[in-house]
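Here is the structure we will look at.
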Amino acid sequence: MLDLKFIRSNPDRVRRALQNRRSEVDLDRLLALDEERRSRLVEAESLKSRRNAASQEVARRKRRGEDAEDLMAEVRGINERIKDLDERLRQLDADIQALLLAIPNVPHESVPIGPDSSGNVEVRRWGEPRVFPFEPKAHWDLGPELGILDFERAAKISGSRFVVMRGAGARLERALVNFMLDIHTRQQSYVEIWPPVLINRASMTGTGQLPKFEQDAFKCQGYDYYLAPTAEVPVTNLHRDEIIPGEQLPIYYTAYTACFRAEAGAAGRDTRGMIRVHQFDKVELVKFTRPEDSYSELESLTRDAEAVLQQLGLPYRVVVLCTGDMGFSSAKTYDIEVWMPSYNRYVEISSCSNFEDFQARRANIRYRPQAGAKAEFVHTLNGSGVAVGRTVAALLASTA
RNA sequence: GGAGAGGUGGCUGAGCGGUUGAAAGCGCUCGCCUCGAAAGCGAGUAGGUGGGUUAAUCCCUGCCUCGUGGGUUCGAAUCCCACCCUCUCCGCCA
């Protein structure tokens, strides 16, 4: 969520950002609502001020045993008008809030402008894709042949876009989770978290999944719980509605969780195998930082995720997403793409983003720069470190 | 599922319907003391959102906020209703 005061004083900059992101939020309507809200607010507040003064005068008179019926009658009259104004203000607040929640983050100035993924820019490569003297098999062929992946039985248990791992496949998945967590907690300095994956509405709103992307999440029927689409949600919300002492920043967390995605808009894409499934495993990295450090922290976060692929010997490249391809809440995102031989191209395996104060404002996560100073919003970052299923797919196809 | 207790500032914790936006303590900031520190003493210290002023701060000022939302009243942290959440005990359970 953007700061309304920022929007009010930088409307052109926000308008440009919305265009670059192909967002269709009606900024003029927002500004008009804000204008009306403030003028009504002034009116309502002056009436309330009069009411407060009159009520205090009533108290004074009554203490002296004097009559106050005239004042009491006056306030009764004022209250009618206050009620109408408050009703209108409530409506205005709701409309403004709804618009604010629908506005994506403003991209950082270093983000390339582009319409879609074709505008992304490669920033570096690591490793040499292995050249095979034959047509490399895809993991959805190799896995079932080896008896370690079973898509047919997964469909029987659940449906399409699920996978069963068996024997060495299951063990590989488990080993990779440990391997990644050990890198982040021992070679790097992340604190391991094991969070709930049933998430309430406030937390889903805090990180930006709701209200705009409700159709992408699984909702528990009869409960106000959503299945976590990523550990980013529970881990970032660890500090929702908190004021973090400045000396505790930066905070680094890592968490393994199963992730659940409805993939409502992805029908027909990557339908084979375990690249795009409804349930997958992922190790996530989350940072809370001071605003002035967040961009250098994004660089080191990305390197921390890359370390996993380097130690596995999987070739990859890093791209910076352009304005048209970025996630809703992000100000800047690097995707790490692993080489997938059977696709003969790089496939996303990690996405590392700086959200600046966008999530922090939604989730009310603040810090105190110094003791006694006013609380400010932190910057939040996160990245996959990395997607486990896609790592299995890349390993199978690259090294089998 | 059954029974009970409770949600108040950064934290702990008081609060007869009317200078209580809130006692006290802790923490923190500044000052005094000190060679320096501790202790002690003094002062200050909630958030949100508007208006005025400003280059921007500072500052002045209004309104709202004691879990959330309604209600009663001239006036609600305080009374009433609904909801949410936390804790304790019992039951069930990996």
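Just so it is clear: chains get the letters A, B, ... in the order the sequence lines come, proteins before strands, and each one is counted from 1. Heavy-atom basis, side chains included; hydrogens, waters and symmetry copies ignored.
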Hey, is the side chain of A/R38 poking within less than 4.0 Å of OP1 or OP2 on B/G50, counting only N and O atoms? no
Identify which nucleotide among B/G50, B/G75, B/G18 has an atom closest to any side-chain atom of A/R63, counting heavy atoms from C-beta outward. B/G18
Whole angstroms only, please: what is the CD-C1' distance between A/E66 and B/G18? 15 Å
Among B/G48, B/G18, B/C63, which nucleotide sits nearest the side chain of A/S49? B/C63
Using the six-membered ring wherever Trp is involved, compare the ring planes of A/H239 and A/F288 and label them parallel, tilted or perpendicular (cut-offs 30° and 60°). perpendicular
Side-chain N or O of A/R60 versus OP1/OP2 of B/G75: is the shortest distance under 4.0 Å? no
I want to check one thing: is the phosphate of B/U49, taken as OP1 and OP2, less than 4.0 Å away from some side-chain N or O of A/R40? no
Within a strict 4.5 Å, meaning less than it, do heavy atoms of the A/L101 and A/M1 side chains meet? yes
Is A/R8 close enough to B/U49 that one of its side-chain N or O atoms is under 4.0 Å from OP1 or OP2 there? no
Please determine, for the side chain of A/N52, which listed nucleotide (B/C64, B/G50, B/C74) has the closest atom? B/C64
Between B/G18, B/C63, B/U49, which nucleotide gets closest to the side-chain atoms of A/A59? B/G18
Would you say a side-chain N or O of A/S46 is under 4.0 Å from OP1 or OP2 of B/G62? no
Given B/G18, B/U49, B/C64, identify the nucleotide with an atom nearest to the side chain of A/R51. B/C64
For atom CG of A/L85 and atom C1' of B/G50, their distance in whole Å: 14 Å
Do any side-chain nitrogens or oxygens of A/K374 fall under 4.0 Å of OP1 or OP2 in B/G48? yes
From CG of A/L89 over to C1' of B/G50, roughly how many Å is that when rounded to an integer? 11 Å
In whole Å, measure the gap between the C1' atoms of B/G44 and B/C84 for me. 37 Å
Between B/G71, B/C64, B/G75, which one does the side chain of A/S55 approach most closely? B/G75
Quote, to the nearest angstrom, the P distance that separates B/G75 from B/C60. 31 Å
Side chain of A/M72: nearest nucleotide among B/G62, B/C74, B/C64? B/C74
At 4.0 Å (heavy atoms only), tell me whether A/R50 reaches a base, stays on the sugar-phosphate, or touches nothing. nothing
For B/G50, does either OP1 or OP2 sit under 4.0 Å from a side-chain N or O belonging to A/R37? yes
Can you find a side chain N or O atom of A/N79 that sits less than 4.0 Å from OP1 or OP2 on B/G75? yes
State which of B/G18, B/G71, B/C63 makes the closest approach to the side chain of A/K83. B/G71
